There are 2 protein chains.
Amino acid sequence: MPHLAFPNSNCDGFRCATHCAVRPLAICGELEQAEHEEFERLAQHVRYGAKEALFSEDEVADAVYSLVEGIARLYKLLPDGRRQIIGFALPGDFLGMAPSARYSFSADAIGGVTVCKFFRGPFLRFIENKPHMLMRMNEFATRELSLAQDQMLLLGRRSAEEKVAAFLVGWRDRLARLEGVTKTVSLPMGRQDIADFLGLTIETVSRTFTKLEREKLIVIVPDGVRVLDPKRFDALAAA
Amino acid sequence: MPHLAFPNSNCDGFRCATHCAVRPLAICGELEQAEHEEFERLAQHVRYGAKEALFSEDEVADAVYSLVEGIARLYKLLPDGRRQIIGFALPGDFLGMAPSARYSFSADAIGGVTVCKFFRGPFLRFIENKPHMLMRMNEFATRELSLAQDQMLLLGRRSAEEKVAAFLVGWRDRLARLEGVTKTVSLPMGRQDIADFLGLTIETVSRTFTKLEREKLIVIVPDGVRVLDPKRFDALAAA
DNA sequence: GAATGGCCTTGATCTGTGTCAAGCCGCCTT
DNA sequence: AAGGCGGCTTGACACAGATCAAGGCCATTC
């Protein structure tokens, strides 16, 4: 059961600085002072524990979410339990827009997650006469769509080794936007999650990590990998 | 080389009725009279012949397109030539928005295609202070994204037979929005296109069609299939 | 510090789909 | 009507990755 971190979401300056470190990257990043205060009054800051669900596919989509902190797993299931992870959400990402009245996928926390939660009605009323906000939402949707298309190419046409390499490169680059460039790529998600993201089995993912390590492209470290040969590695990921 | 069907795009009533039959479904479907006339003045109606490119990945994205008539193939290529078709565009679909200054995929005509083409600058200036239009673009993007996510599930987690069945059901339902419900599903794209859409080879697609026919689920007809047992067929596509 | 359980790795074997190759069918050209 | 060509189908075989099974490692608990 999620609890409200700030039931009175009209948080003071200190807390805002803490919890909205990603604001420039988020959907609300270009709101000016007055608008942002109005927007904040619509928000509930909610914290979810590890593996807790933010929302599930086919539920009535009564809220949208701006991820503030932590990482979420977005996925779809087939009736027999096969799972496809359609993305990992990072701080600044915007979740929960659906083309119908119900969510088209499920989202749950990997480790702890903090979000700004907005009920649909008030949210839509807020944006409906704010062209700048609508443009920003369009940018977000277009970027998401483009990532999804990259992933289709990966799922449909790349080998297991290419999938893993492309995943690591893509993940490293997304983390770099948040944390700056590093040699060590942290992987908060488990091997099964990676497998379900890449359309592979956990065994194939594990073997492929080992293979990349044998080929001296990476070193496997606790909860991550270190990229040894970025040049050769990026080439493998691109091809 | 495409030629302008209406170099003076300010077309008269008759031509509009002919060429904008899909307007209620298109991006401009909710513009009121005066706005729509302004919008039309920004448009070039352009016709492309079979296999002609509307635009290509990595080109400067200087225009967006509303597909009026015909079908387009949207795809990405790997450096070695492997191709993933990320979608088939139908009349009413909106193409060409990109998260960067360049197109993130290629689009070309299957058979003949007619579009409304808008240069990026005038288009953005037109929409920037029209919340209704921006909302509609959001709806379009959200629907596209949801389709892309369905496709990820298909590519990552379905068997060849499930892929083909799900493709036929999805395609039939999209055509039904335009042409009404029919038993016969027309397939204007070739087997290689279907293969590249489903992450399969042409041989596997061909064998799977034959298998579905042997199992009395479909009959293969010229340029399409007839679905014999919709109940059983939809079940196969869902599972 | 022994037992438990979750997560990951590794090995052996199987199989669905890819690859390679041949042939068919309908259509266009001459 | 003969030839050629593009698109499709079919068969034989190969292989990447799945499946099945076992074992290792580490953190947590009692």
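Chain naming here is simple, since letters A, B, ... match the order of the sequence lines and numbering starts at 1 in each. Hydrogens, waters and symmetry mates are skipped; everything else that's a heavy atom, side chains included, is used. As the structure is a prediction and not an experimental result, all values here were calculated from the model.
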Counting only N and O atoms by type, is there a donor-acceptor contact under 3.5 Å from the side chain of [X] to the main-chain atoms of [Y]?
X        : Y        : result
A:Glu213 : A:Ile220 : yes
A:Arg158 : A:Ala166 : no
B:Ser146 : B:Thr142 : no

Side chain of B:Thr204: nearest nucleotide among C:dT9, C:dC7, C:dT17?
C:dT17
Measure [atom1]/[X] against [atom2]/[N] and give the value in whole Å, please.
X        : N      : atom1 : atom2 : result
B:Ile202 : C:dC20 : CD1   : C1'   : 14 Å
A:Gln192 : C:dC8  : CD    : P     : 9 Å
B:Arg158 : C:dT17 : CZ    : C1'   : 18 Å
A:Phe209 : C:dC8  : CZ    : C1'   : 11 Å
A:Leu200 : C:dC8  : CG    : C1'   : 16 Å
A:Ile194 : C:dC7  : CD1   : P     : 13 Å
B:Arg82  : C:dG18 : CZ    : P     : 13 Å
B:Ile220 : C:dG26 : CD1   : C1'   : 16 Å

From B:Arg82, B:Arg83, B:Lys163, residue fulfilling salt bridge (charged side-chain N to carboxylate O under 4.0 Å, His left out) relative to B:Asp196:
B:Arg83
So does A:Thr210 get a side-chain nitrogen or oxygen closer than 4.0 Å to the phosphate oxygens (OP1/OP2) of C:dT10?
yes
By nearest-nucleotide position on DNA chain D, the 5'-leaning member of A:Gly199 and B:Arg214 is B:Arg214
Is any side-chain N of the basic residue among A:Arg172 and A:Asp234 closer than 4.0 Å to the acidic one's carboxylate O?
yes
For B:Glu215 and B:Glu161, which heavy atoms make the closest approach, and how far apart are they?
OE1-OE2, 3.0 Å
Considering heavy-atom distances to DNA chain C, does A:Arg157 or A:Arg207 have its closest nucleotide positioned more toward the 5' end?
A:Arg207
For a quick check of understanding: with a heavy-atom distance under 4.0 Å over all strands, which category does A:Thr201 fall into, base, sugar-phosphate or nothing?
base
Footprint ends on DNA chain D, 5' to 3', for atoms under 4.0 angstrom from a heavy atom of chain B, come out as D:dG7 to D:dA12
Any N/O donor-acceptor pair, B:Glu203 side-chain to C:dC20 base, under 3.5 Å
yes
Could you tell me if the ring centre of A:Tyr75 sits under 6.0 Å from that of A:Phe197?
no
